[in-house]
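Index from 1, following the sequence. Each ligand, and each atom within it, is numbered from 1 in the order the structure gives.
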Amino acid sequence: MSYISKPQIIHKGLKRNKLGLTIRDYEGGMSTLCAGCGHDSVTAAIVQAFYQLDVQPHRVAKLSGIGCSSKTPAYFLNAAHGFNSVHGRMPSVATGANAANGDMHYIGVSGDGDSLSIGFGQFAHALRRNLNMVYIIENNGVYGLTKGQFSASADVGSKAKKGEVNEQPPIDPVQMAISMGGTFVARSFSGDKGQLIPLIKAGIMHKGFSLIDIISPCVTFNDHEDSTKSYAYTREFRHRAIHADFVPPMGEITAEYSEGDVREVALHDGSRIMLRKARSTYNPENRGAAIEYIRDHQRRGEIVTGLLYIDESEPDLHGINRTVSTPLSELNYADLCPGSDRLSQVLDGFK
Ligand SMILES: Cc1ncc(C[n+]2csc(CCOP(=O)(O)OP(=O)(O)O)c2C)c(N)n1
Ligand code: SF4
Ligand SMILES: [Mg+2]
């Protein structure tokens, strides 16, 4: 993967967060993506989210597969741990890492090709296990890196740059995630950082699998007027159903909400998500109704955005498997070792 490091000069006037770090401490290498690529706006939102949450960069593990989208982790959090895996295989690496050390923030960045074709099975099982991670799909409807083939998220009737028409129905990761038991499912647009940054912050703090499907246009292969994943189409047809404000633990609620229009969801660490409905009929805590609403708008060519489903009550991978919360690297094996007699008994149990 190409990587160009940025000069390390930090302007004196830059604001510092509670850890004394500036936004520069949350950046990565210089992007080598095409100028105007939506993926770079997603990078900027991720940088802001971790900076605003005062997360120590070395407490984060960033993971990806293969694609232009999967290059994103190289452009944020220089000091984080990172693993650039094989095409579509990021979820299994994230599962292994999280199983060994659940005491970190995990963020995976994938593409519509990476997650919805070759990696579909892996994606579905990470979701099903409620793996505690933020899972971002930078969704542009094409395989950008391999030069513009339709991906599994291309809409029926959408035209490629050279005029071919897609005739196969798309896979919608949001509908799939809500129907499969996902506990945090959101959709946004790379050009809407006002919506995106609080969603990423809430996703980081949700204890479980946080899927954020982000329409992130590919300016080189899929931003023309016949594409339904272009900047122009997404701006015109996005339908903001619900807005999520993130409030940190003990944080003050600064926005003004009129009575009855906001629903508060408490997260495990004491932070809160304030869900503000833009449309009175939307219910982000009812799976069936959420899917129906999204489908209904999809039939009209509209893209529903916001925190579309949340359930904070389900256990994550560690909760389901009742595994130890201490990272395996910190366990004192000398004290824990049950001895060879006990081990023989366990082995006998399998005979
Ligand atoms: C096993 C394997 N199969 C195929 C490829 C070729 N390949 C590389 S990236 C890619 C698709 C990328 O599309 P997407 O995930 O949507 O990312 P984008 O580039 O659009 O951001 C493909 C098919 C590969 N690298 N490895
Ligand atoms: S080819 Fe498309 S997805 Fe890839 S960097 Fe360029 S604009 Fe972005
Ligand atoms: Mg793509």
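Between atom 8 (Fe) of ligand 2 and the options S31, C37, C34, the minimum heavy-atom separation is to C37.
At least one donor-acceptor pair under 3.5 Å links the side chain of D114 to the backbone N or O of I66. Side-chain atoms of K229 come within 3.5 Å of backbone atoms of S153 as a donor-acceptor pair (strictly under, hydrogens ignored). Judged by distance alone, with hydrogens and angles left aside, the side-chain atoms of N166 form no donor-acceptor pair with the main-chain N or O of F150 at under 3.5 Å. Looking at D316, its side chain never comes within 3.5 Å of a backbone N or O of N132 through a donor-acceptor pair. Side chain of T234 to main chain of Y231: no donor-acceptor pair is present (N/O by atom type, distance under 3.5 Å, no hydrogens or angles). Proximity of a side-chain donor or acceptor of N222 to a complementary backbone N or O of N140 within less than 3.5 Å is detected.
In terms of protein heavy-atom proximity, atom 25 (N) of ligand 1 is closest to I66 CG2, 3.7 Å. From the protein, the heavy atom lying nearest to atom 1 (C) of ligand 1 is I118 CD1, 3.6 Å. Nearest to atom 7 (N) of ligand 1 among the protein's heavy atoms is T146 CG2, 3.5 Å. Counting only heavy atoms of the protein, atom 26 (N) of ligand 1 lies nearest to H87 CB, 3.5 Å. Counting only heavy atoms of the protein, atom 7 (S) of ligand 2 lies nearest to V219 N, 3.4 Å. Scanning all protein heavy atoms for the shortest distance to atom 2 (Fe) of ligand 2 gives C218 SG, 2.3 Å. Closest to atom 4 (Fe) of ligand 2 among all protein heavy atoms lies C68 SG, 2.4 Å.
Between F50 and Y26, the distance from one ring center to the other does not fall under 6.0 angstrom. Separation of the F209 and Y135 ring centroids falls under the 6.0 Å cut-off.
Residue contacts with ligand 1, taken as heavy atom pairs separated by less than 4.0 Å, involve S69 via backbone and side-chain atoms alike. With a 4.0 Å heavy-atom cut-off, ligand 2 is reached by the side chain of H39 but not by its N, CA, C or O. Residue contacts with ligand 2, taken as heavy atom pairs separated by less than 4.0 Å, involve N140 solely via side-chain atoms from C-beta onward. At a heavy-atom distance under 4.0 Å, only backbone atoms of V142 (N, CA, C or O) approach ligand 1.
Short contacts between ligand 2 and T220, defined as distances under 4.0 Å to a heavy atom of the residue, involve ligand atoms 6 (Fe), 7 (S). Atoms of ligand 1 found under 4.0 Å from any heavy atom of H39 (numbered from 1 in listed order, with element): 21 (O). Every atom of ligand 1 with a heavy atom of G144 under 4.0 Å away is listed here by number and element: 18 (P), 19 (O), 20 (O). Under a 4.0 Å criterion applied to the non-hydrogen atoms of Y143, ligand 1 contributes the atoms 11 (C), 13 (O), 20 (O), 23 (C). Ligand 2 places these atoms under 4.0 Å from at least one heavy atom of F221: 1 (S). Here is the list of ligand 2 atoms found below 4.0 Å of a heavy atom in L33: 5 (S). For ligand 1 and D114, the ligand atoms under 4.0 Å from any heavy atom of the residue are 14 (P), 15 (O).
Judged by the 6.0 Å and 45° rule, K147 forms no cation-pi pair with F221.
Polar contact with ligand 1: present for N140 (N/O pair, distance under 3.5 Å). Checked against a 3.5 angstrom limit, the closest N/O atoms of G113 and ligand 1 fall inside it.
By the 4.0 Å N-to-carboxylate-O rule, E225 lies too far from K159 to be salt-bridged with it. The pair E292-R295 fails the salt-bridge criterion, with no side-chain N (NZ, NE, NH1 or NH2) lying under 4.0 Å from an Asp/Glu carboxylate O.
Between the side chains of T22 and Y51, no donor-acceptor pair of N or O atoms lies under 3.5 Å. Of the N and O atoms on the side chains of S190 and H39, not one donor lies less than 3.5 Å from an acceptor on the other residue.
The side-chain hydrogen bond (donor to acceptor under 3.5 Å, both in side chains) with T305 is formed by just one residue from the set Q195, H239, R187; it is Q195.
In summary, an N, O or S atom of N140 is located under 2.8 Å from the Mg ion (ligand 3). The Mg ion (ligand 3) has an N, O or S atom of D112 closer than 2.8 Å. The Mg ion (ligand 3) does not have G111 among its coordinating residues (no N/O/S atom, backbone or side chain, under 2.8 Å).
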